[in-house]
Peer 1: 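One structure coming up, written as C-alpha cells, with questions to follow.
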Amino acid sequence: MSTSSSPAFEPVSTQTDFIRQEHEILDFWKRSRAFEKLRQLRKGGPHWSFIDGPITANNPMGVHHAWGRSYKDLWHRFWAMRGYEARYQNGFDCQGLWVEVEVEKAKGFTSKREIEAYGLANFVLDCKARVLTYAARQTEQSIRLGYWMDWNDPDLLRELAERLKEDPQQTITIDGPMGPVTDSVEQIVGRLGLPELGGSYFTFSNENNYTIWTFLKKVWERGWLYKGTDVMPWCPRCATGISQHEIVTDGYRELTHEAVIVRFPLRGRDREALLVWTTTPWTLTSNVAAAVGADLDYVKVKAADGWTYYLAEATAPRVLKGKYEVVERLKGEAMVGWSYDGPFDELPRIHEMGVPEAHRVLPWEEVGEEEGTGIVHIAPGCGAEDFQLGKEHGLPAPAPLDDEGHYIDGFGWLTGRYVHDVAHDIFHNLEEKGILYRVDPYTHRYPVCWRCGTPLVFRLVDEWFISMGPTYDKPREELTEAEKEASLRYQIMDVVDEIKWIPEFGYDREMDWLRNMHDWMISKKRYWGLALPIWVCENPSCGHHEVIGDEHELRERAVEGWETFEGHTPHRPYVDAVKLRCPKCGGLMSRIPDVGNPWLDAGIVTYSTLQYRTNRAYWEQWFPADWISESFPGQFRNWFYSLITMSTVMERRPPTKIVQGYSTLWAEDGRPMHKSWGNAIWFDDAAEKMGVDTMRWLYLNQPLDQNLLFGYTRADETRRRFLIPLWNAYAFFVNYARIDGWLPPEPLRRHPSRREEGFPRLDAPWTAEAAPTELDRWIVARLKETIEAMTAGLESYVPVRVAQPAESFLDDLSNWYIRRSRRRFWSAKGEENAADKEAAYQTLYTVLTTFVKLLAPTIPFITEAIYQNLVRAVVPDAPESVHHCLWPEAAPLTEAERDLLEAMAAVRLAARLGHSVRAGHNLKVRQPLAKALIATDPRHRRELEQLLGLLADELNVKAVEFVEEEGDLVTYRLLPLNRVLGPKFGRRFPLVRKALAGLDAAEAVARLQAGEPLTLTLADGSEAVLSPEEVLVQSQPREGYGVAGEGGIVVALDTQLTPDLRQEGLAREVIRRVQALRKEADYELTDRIVVRLRVEGDLAEAVARFRDLIAAETLAEAVEEVAEPQGDRRLEEQIAGTPVVIAVERR
RNA sequence: GGGCCUGUAGCUCAGUCGGUUAGAGCACCGUGCUGAUAACGCGGGGGUCCGUGGUUCGAGUCCACGCAGGCCCA
C-alpha cells in the first residue's frame, strides 16, 4: 500500500502491531474489491466445488467455528491460486428447535401453550428475524477472520429483520447481482441465496424447503415413509420427541436419581413378594409386568421384616436389609407366569385398561443381575424395550403423560402433576401402601434434551419415519440387487464407498452408524421449521396420506385455503390452511401439524443451492462437491448422514468426493470450553488479542484427529515461532534493500495472476549480474522442496502436511540462510563483491515473494502486507493482491540440488558439533581458532569440501582440515548388525555380541577395512565368522580430545591460542561492545561513528593491531585512544580482566 | 454391556518392518551468539515408555489379561 510515487520499499518496523495491520488489510480488501476481482480473474477456470455445512445462525460464532472456517477459506484460496473457479457460497442453518428455544427464552415463554397464545405467525417471524440478526453477526465475524465468501451485506440482513417484524407484506426493492428485485419482505427473505439475490444460502428459503418436499415425495413413492407408533424419548419442556440422531449427540448427562425397590406382592401367597427395582419411579404407575431372566438363579429368602422375597441370588447381599435366610433356590423360569398385585392398581385408568388382570412374571433375555434385583419392572407405555416386550405378549400399554409431561386424566391424585416432581410423593404413597422396600441414590448416564437439558421421558407417540430398510445377516458383497433395492441402508453404504474420508477412520464411523441406525424419525411437534408436506385424510375411517412434491403440485391439488397461504413462505401457520381432496374417499385432507427434523434442511443443500429443480445443467456442473469439511463429532449421524442419505434417495450419487473432518476444540486446560468454568474464549476477543493470522496458523498446525487445545499461551507460542520470524526475515530484507536502493530486476518482477501470463520458474532465478553462492542455490533448492511439500499437503487436505514444511523452511531461511548471509548485505556499493551482493538480494527477494504466496491461503493478512510492499510498491503492474497471484510452481529438484541439500545437512551437523566442542571448552565463538579437524567417511568428506568456507566462517576458525588417521580423534565401537546377525545366530546371538565387544577395536577395524572377515571365539567354545558387511563400525569421539561426533562426522578443534589469535579475539570483544553501544544509542544501520577508547596492556596492543578491523566492522571513521572517552554512549567494564572504557559518537 | 482409539519427560506430542545409547517443542537451569528477530546455538536436569504375564537372541513397538482416559454404539 505504497503512497510514494517513485517505486521504493516502505520501511518496515520489527515492532509491528499485527492486529492493527489486519484491520488495515481488511479495509484495503474492501476498498479495492479484492474478492470480487479474484472471482472475475478466475471466471472460466476449471471448477472447484465446495458446499458449506451450514452454521446455525442462532448465536455469535465461536473459536471452534473459526477453526473450520479457516480451513474452508484456506482451500478456497489455494484452489483459486491454482486457477480454479469456485462458488464461494456460505450457508446458514435457520430452522428448528434451537432457534425456537432462543426465541422462547427471549420472550420469556416456558411452554408451547404460551407460544400458541402469542400466535404462530408472530412466533415464526421472530424466529426468522433472529436468524437474520445472527447471520449478520456471524458474517461480520467471518469477514474479520479473513474468510472470503459470497455473503450478504450484514446491514441488509439486519434491515430485513426489522422490516419483517414491522410488516412482512410491505414491498421492497433491493439490488441483486442481476439487477433490482422487487417483492414483499417475506418473499425477499424467502428468496435469499437464490441466483437473483446472491449471497449466503439460508435453509429457511423457499427453494430449500420445496426441494425437501421433492425428496420426501420420492421417499414416499418408494414406500419408505411411514407413520409409526412407538415409545420415543420425549422432552417434556419442548413437548416434542427427540430422534435417535439427536439423543446420541450431547444427549446424555451424568445424573443422580433416586432408585426405588418395591414389593410386588404375589397373589395367593401370604406376605410373599417380588422385589422390583426401577430408577424412574414415575413409570411405576403404569406397571404391567415383571420380567426375569429364565436362566438366572433366584432365591426365595425369609427376611427379618416378616416378608418372604424373591430376587436374583447375586443381588441379594446388596439389596436386602438386615438378616435373611435363604429358603429356596430356583431358576427364573420357575417364576414365569406368577401373578402379583401391581403398585397402582387402584388408579381408574389402570383398571379400565385391564392392567391388574395382566400382571404376571415374564421371561426376558435382557434381564441381568449387575444392577437392581434381577426382576425388572415392565411399563410398556413408558419404555422402548418395555413396549416391544409388551407387544410380544399382548399386554396393555398405559401411557400416563401428556405432551408436557403431566399425568393425564385417570391417574387419581397424580393427574395434572409434572413428571419430574412426583418421585417423593410416589415414595410416600408406596410407603403408605406398605410396599416400599428401599430408596437409594443412583448415578447413571441419563438422556437429556440436547437443547434445554431437561431429562427426557419416554412416551407412546405417533411419529413419521423414513425406513432405513432391513439389515441382512450376510456380507454386503453377497447382497442381491433386489435386496439392495429394498433397503435404503445398503444403497447409502454404496454411496459412502465412493467418498474419500479424511482422516480415514471417518469411513468406518459412518458405516458403523449406518449398520446400527434405526429408521429416521423426521417429525417434530413444533412450530418453526420445514412444513412436512404430508397431508392426511380427516375422515377417521379413511386416514389416507399423501406427500406433496412441490409448490406447483400444492397449488393444483389445493381445494381450500390457498388464498390464505398465497404470498407466504411455506411455513406454519399459513401453509396449514391448505386442504386437499382425498383421492380415496373424497374427504378433506389436512397437513399434519408437525415440522421436519432440521437435518433435512442441511442435508438437501447439494441440491437446493445448486438449482437442481430449476437449472439441471448448472447443477451438473457443480455437483458433487469436491470437498466438504466439518467437525467430526455428531456429523456422522447428522449432517454427513443426512447429506448422503438424501443424495442417495435423489440420485443415488455421492454428494461430495471428499469429506474432511476434524476433532473437537477444547480450552488449554484440556477441558471443554465452558462459560461457567471461566475457560471459554469468545471469537471476538481471540481475534483482537491474538490476531487471526495467529489463530489460523494455530489451526493449520493441528492434527485433524486430535482435539485442539486452544488458548492464549499456545497462540503466543505460534506467533513467536512462525509469524514473528517471518516478519523479521522480511524486515531484514527491506531495511537493507532500502539502504542499497535495491529493486528487483525484470525476471523477478513477474507475479502472474493468470496462467497465460506465464510462470516464473525457480530453476535459475538469477540474472547475469548476480553470482549466486552455494548458500543461494541451497535455499532455492529448499524452497523448491517446500513448494512441492506444501502443494502435496494441500492437495491431500491434511493441514499438518502444509504447516510442517513451511515451519521447517522458515527455520532454515531465518536461522541459516539469512544468518550466514548477513555480511553479504553489509558490503558497500560498487565493491568487487557486487555480484555476490546482487545474488544475495535476488535470492532473498525470490524466496520471500514466493514463500508469501505459499502462505497466503493460510495467513492472508501478513502475507498481503508483505506482498504489498515487496511487490506492489515496486512493481506497479503486478496483481493488486497476493491473493490474485497464481500458486508457485517449480520443476523437480535436480540431482545437483539434491546433493547440495545433503551437503548442507552435513555442514550444519559439523557446525553443531563444532559449537558443542567450543561450549565444552568454554571457548566463545568470538575467539578465532586456528583450525577445525574433521574425521569422516569419504561421502561426507566430499559433501563438506564443497562448503568448507561456510563451515570455517560459522565456527570462526582459520582452516578446516580433514584427518586421515582417525585414531587420534576417535575410538571405535564394533556392533553386530542385529537385523542380520540376530536371525543368523538365534540363541547364540548374545554370545556373539559379547565376543565382538571384547575384541581390540582398532585392530578389528583395520581387518574389516581390508575386507577380511572376523573370527570370534564364543564363550561356549564355538566359533563364529562375521563378514565385514555384518558388523557396524561406530566411531565415537575420543575422550579428552575436545571432540564431538554424531552421524559419522567427528569434529575436533585446535584449542591452542597463539598470541595473534588471542589479540584478534580481544579485538572482537571490543567490536562486540561497540555494536552494543550502537544499538543502545539507537543509531541507524548506516550511521557512521567515532569510537573512543581507553585501553591498556594486551588490549591496547590488540586495538592497535586490529584498528582497521574494528573500524570496518563498526562503521567507524576513526578509532581513537583517549584518556577520558566521551560520546553519545559510553561504557566502562573489564575485558579478560583488563579495564576498558569505550564511547561512541555519531558523525 | 459391545466396538474403536489412546496411555512415552512437568506440559503437548513423535517414535518406520521388533534391533544398537527412547526423541522433539514448550517450560526450567547454565552458557554462547546477536549491525533482522519477540529470536537463535550449545549444554544440563528431568523417563517404572500405564501394570502384569507371554512370544523372541532382542519388546516402547507383537500377543493375552488388567487399569485409566477418550470416542462411537447399546
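The shown structure was predicted, so the numbers you read here are calculated from the model rather than taken from an experiment. Here is the naming used below: chain letters follow the sequence lines, and residue numbers restart at 1 for every chain.
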Peer 1: Which value, in whole Å, describes the distance between the P atoms of nucleotides rA39(B) and rG18(B)?
Peer 2: 42 Å
Peer 1: Tell me: CH2 of Trp816(A) to P of rC33(B), nearest whole Å?
Peer 2: 16 Å
Peer 1: Rounded to the Å, how far apart are Glu385(A) CD and rG1(B) C1'?
Peer 2: 13 Å
Peer 1: Heavy atoms under 4.0 Å, any strand shown: does Ser814(A) hit a base, just sugar-phosphate, or nothing?
Peer 2: base
Peer 1: Across the strands shown, which category fits Gln1075(A) at heavy-atom distances under 4.0 angstrom: base, sugar-phosphate, nothing?
Peer 2: base
Peer 1: Does the separation of the ring centres of Phe387(A) and Phe458(A) fall below 6.0 angstrom?
Peer 2: no
Peer 1: So what does Asp512(A) touch, heavy atoms closer than 4.0 Å: a base, only the sugar-phosphate, or nothing?
Peer 2: sugar-phosphate
Peer 1: For a quick check of understanding: with a heavy-atom distance under 4.0 Å over all strands, which category does Arg926(A) fall into, base, sugar-phosphate or nothing?
Peer 2: sugar-phosphate
Peer 1: Pick the C1' atom in rG60(B) and in rG47(B), then give their distance to the nearest Å.
Peer 2: 11 Å
Peer 1: Is it true that Trp697(A) and Phe722(A) have ring centroids separated by less than 6.0 Å?
Peer 2: yes
Peer 1: Counting the benzene-type ring for Trp, do Tyr662(A) and Trp67(A) have ring centres under 6.0 Å apart?
Peer 2: yes
Peer 1: What contact category does Thr14(A) fall into here, base, sugar-phosphate, or nothing, at under 4.0 angstrom with non-hydrogen atoms?
Peer 2: base
Peer 1: Taking the C1' atom of each, how far is rU55(B) from rA64(B), in whole Å?
Peer 2: 11 Å
Peer 1: Quick one: label Ala729(A) by what it contacts on the DNA or RNA (base, sugar-phosphate, nothing), any heavy atom closer than 4.0 Å.
Peer 2: base
Peer 1: Whole Å only: how far is the NZ atom of Lys924(A) from the P atom of rU31(B)?
Peer 2: 11 Å
Peer 1: Is the backbone of Val925(A) close enough, under 3.5 Å, to the side chain of Asn956(A) for a donor and an acceptor to pair up by distance?
Peer 2: yes
Peer 1: Using atom P in both nucleotides, what's the gap between rC50(B) and rG10(B) to the nearest angstrom?
Peer 2: 13 Å
Peer 1: Reading RNA chain B from 5' onward, which residue's closest nucleotide shows up sooner: Thr713(A) or Arg912(A)?
Peer 2: Thr713(A)
Peer 1: For the rings on Tyr845(A) and Tyr841(A), is their centre-to-centre separation under 6.0 Å?
Peer 2: no
Peer 1: Would you classify Ile818(A) as touching base, sugar-phosphate or nothing, given that sugar-phosphate means primed atoms plus P, OP1 and OP2, and contacts are heavy atoms under 4.0 Å?
Peer 2: base
Peer 1: Just how far, in rounded Å, is P of rU6(B) from CH2 of Trp666(A)?
Peer 2: 18 Å
Peer 1: I want to know whether Phe18(A) and Trp727(A) have ring centres closer than 6.0 Å.
Peer 2: yes
Peer 1: Rounding to the closest angstrom, what is the interatomic distance between rA68(B) and rG58(B) at atom C1'?
Peer 2: 30 Å
Peer 1: Base, sugar-phosphate alone, or nothing: which one does Leu977(A) contact when heavy atoms must sit under 4.0 Å apart?
Peer 2: base
Peer 1: Can you measure Arg714(A) atom CZ to rC11(B) atom P for me and round it to whole angstrom units?
Peer 2: 16 Å
Peer 1: Are Phe851(A) and Phe809(A), when compared by the centres of their aromatic rings, separated by less than 6.0 Å?
Peer 2: yes
Peer 1: Could you give the distance separating rG2(B) and rA14(B) at their P atoms, to the nearest angstrom?
Peer 2: 28 Å
Peer 1: Going 5' to 3' through nucleotides 53-59 of chain B, assign each nucleotide B (protein heavy atom under 4.0 Å from a base atom), S (under 4.0 Å only from sugar-phosphate atoms) or - (no protein heavy atom that close).
Peer 2: ----B--
Peer 1: Between Phe640(A) and Trp513(A) (judged by ring centroids, cut-off 6.0 Å), do the two rings come close enough to count as a pair?
Peer 2: no
Peer 1: Judged by each residue's nearest nucleotide on RNA chain B, which is more toward the 5′ side, Gln15(A) or Pro976(A)?
Peer 2: Pro976(A)
